[in-house]
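One-based numbering, in listed order, for ligands and for the atoms of each. All figures in this text were calculated on a predicted structure; none of them were measured in a lab. FYI, the numbering just counts along the sequence from 1.
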Amino acid sequence: MSTAVDLRPIVICGPSGVGKGTLCTKLKSSNPIFKPSISHTTRAPRPDEVNGKHYHFTTSSAFSTLLSQNAFLETTNYNGENYGTSKQTILDQSADNAIVVLDIDIEGAKQLKKTDIQARYVFIKPPSFEALEERLRGRGSEKEEDVRRRLERAVVELEYADVPGAFDKVIVNDDLEVAFTELVEFVGVYQTVDAEGVPVSQTS
Ligand SMILES: Nc1ncnc2c1ncn2[C@@H]1O[C@H](COP(=O)(O)OP(=O)(O)OP(=O)(O)O)[C@@H](O)[C@H]1O
């Protein structure tokens, strides 16, 4: 017997360093149905990158046009190039039988809520503020000033997570495996490949 799979995108929010990326990576490697959203970018493709698979490679003027049409949930500028998560891309990927997993900040989530995209919103909480600080410092990828800025932002994000109805599910990422199990249960699609990539079961 097969049950219809809920293809609504999964939005994963939470303060920097809480483990969103770690959980998203685990989710995506547990079942090929989970896909990251394919961003638009103005940067040139690298030799191994395929347009429409790794990114939607776009000219600066096309990017500006999309921006003026309010086509993006969020945009970033990195190394002088623009990157954006397009709402239409999320709709297209969902129509193509993928569950899009979005690791976006709260502002991006608020933007998404204003659209007609029916997503499922998950907030990842640290077991404590001290644990968050420890993880951020432990990762060692940010300068002290940046760590402080991220922690200040975390206070605001954690407050927003407590607003009734802001998220469909709040998961405390204390033990990673426990948090991952909670995430999988919420999403309702069980793993088809184990950590070695060996098939283990079908979707629920
Ligand atoms: N449950 C956990 N217990 C201990 N450490 C963890 C746990 N989950 C993740 N980590 C570690 O915490 C650090 C931050 O995790 P990660 O980079 O996934 O966070 P993030 O929320 O994606 O951050 P950012 O938003 O800045 O990208 C990493 O070093 C990761 O290995």
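Using bins of under 30°, 30° to 60° and over 60° for the plane-to-plane angle, the ring pair His56/His40 lands in the tilted bin.
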Within the protein, flag every N or O under 3.5 Å from an N or O of ligand 1, and note the pair and distance.
from     : atom 1 : to     : atom 2 : distance (Å)
ligand 1 : 1 (N)  : Asn173 : OD1    : 2.8
ligand 1 : 1 (N)  : Asp174 : O      : 2.8
ligand 1 : 1 (N)  : Leu176 : N      : 3.4
ligand 1 : 3 (N)  : Arg135 : NH2    : 3.3
ligand 1 : 5 (N)  : Arg135 : NE     : 3.4
ligand 1 : 8 (N)  : Asn173 : ND2    : 3.0
ligand 1 : 17 (O) : Arg139 : NH1    : 2.8
ligand 1 : 18 (O) : Gly21  : N      : 3.4
ligand 1 : 18 (O) : Thr22  : N      : 2.9
ligand 1 : 18 (O) : Thr22  : OG1    : 2.5
ligand 1 : 19 (O) : Gly19  : N      : 3.1
ligand 1 : 21 (O) : Gly17  : N      : 3.4
ligand 1 : 21 (O) : Val18  : N      : 3.3
ligand 1 : 21 (O) : Gly19  : N      : 3.0
ligand 1 : 21 (O) : Lys20  : N      : 2.9
ligand 1 : 21 (O) : Lys20  : NZ     : 2.9
ligand 1 : 22 (O) : Gly21  : N      : 2.7
ligand 1 : 23 (O) : Gly17  : N      : 2.9
ligand 1 : 23 (O) : Arg139 : NH1    : 3.0
ligand 1 : 25 (O) : Lys20  : NZ     : 2.6
ligand 1 : 26 (O) : Ser16  : OG     : 2.6
ligand 1 : 26 (O) : Arg139 : NH1    : 3.2
ligand 1 : 26 (O) : Arg139 : NH2    : 3.0
ligand 1 : 26 (O) : Arg150 : NH1    : 3.2

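A salt bridge is absent between Arg148 and Glu152: the closest approach of a Lys/Arg side-chain nitrogen to an acidic carboxylate oxygen does not fall below 4.0 angstrom.
Under the side chain to side chain donor-acceptor pair (under 3.5 Å) criterion, Lys20 pairs with no residue at all, not counting sequence neighbours.
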What donor-acceptor contacts under 3.5 angstrom involve side-chain atoms of residues 155-164, with partners at least two apart or in another chain?
from   : atom 1 : to     : atom 2 : distance (Å)
Asp162 : OD1    : Lys125 : NZ     : 3.3

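Side-chain contact, Ser141 with Arg139: a donor N or O sits under 3.5 Å from an acceptor N or O.
Identified under the side-chain hydrogen bond (donor to acceptor under 3.5 Å, both in side chains) test for residues 92-114, with sequence neighbours left out: Gln88-Asp92, Asp105-Arg153.
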